[in-house]
Amino acid sequence: MTYNSEEMQQILEVAFKRKQQGEFTREQIIEIASELGVSSESLIAAENEWLKKQVEVKKEEMSNHQKQQEFKSHFMVFLIVNGFLILLNLFTGSGYFWAIFPLLGWGLGLLLHWMNAYKK
């Protein structure tokens, strides 16, 4: 039976997952690659590509976390200020509920901020 390169890669991935010995040293990876006929230049290029991707993933995770923290702060300020405006509107005795306008306007901005922080 013969396998193409994609099938071979899938089989090896399954085998590595089944092995589950945890971590591999760089030397073990080099040895495995040489046994598979992968040149050291290709391995180094693949390692550098993987490292760059890992850095990008970490930066994105940090950026997402920061966006979510900023949204939480924005939401707390929204609750405090609009709660105060609603109470002010109720206690001043005006027959018109004017506090709805800042509530809706700011609420729209808050919704957009939430979408930016939590939607991918």
Which pairs would a plain distance check flag for residues 97-108, meaning a side-chain donor or acceptor within less than 3.5 Å of a matching protein atom at least two apart in sequence or in another chain?
from: Trp106; atom 1: NE1; to: His74; atom 2: NE2; distance (Å): 2.8

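Two different hydrophobic clusters hold Leu87 and Phe78 under the rule that ILVMFWY side chains link at heavy-atom gaps under 4.5 Å. Both Tyr96 and Leu90 sit in one connected hydrophobic cluster of ILVMFWY residues. Membership requires side-chain heavy atoms under 4.5 Å apart, directly or through other members.
Between Ile44 and Asn48 the shortest side-chain heavy-atom distance falls below 4.5 Å. Residues Lys67 and Tyr118 are not in side-chain contact: their nearest non-hydrogen atoms beyond the backbone lie 4.5 Å or more apart. Counting heavy atoms from C-beta on, the side chains of Phe71 and Leu110 come closer than 4.5 Å. Contact of the Phe84 side chain with the Val81 side chain is not registered, since no non-hydrogen atoms from C-beta on lie closer than 4.5 Å.
Under the side chain to side chain donor-acceptor pair (under 3.5 Å) criterion, Ser42 pairs with Ser39, sequence neighbours left out. Take Asn82 and apply the side chain to side chain donor-acceptor pair (under 3.5 Å) test, not counting sequence neighbours, and it matches no residue.
Surrounding CD of Gln66 are at most 12 heavy atoms belonging to other residues, nucleotides or ligands under 6.0 Å away. Residue Glu61 places its CD atom among more than 12 non-hydrogen atoms of other residues, nucleotides or ligands, all under 6.0 Å distant. Remark: Glu6 CD is loosely packed, at most 12 non-hydrogen atoms of other residues, nucleotides or ligands lying under 6.0 Å away.
With rounding to the nearest 0.5 angstrom, the NE2 atom of His65 is 10.5 Å from the CD atom of Glu70.
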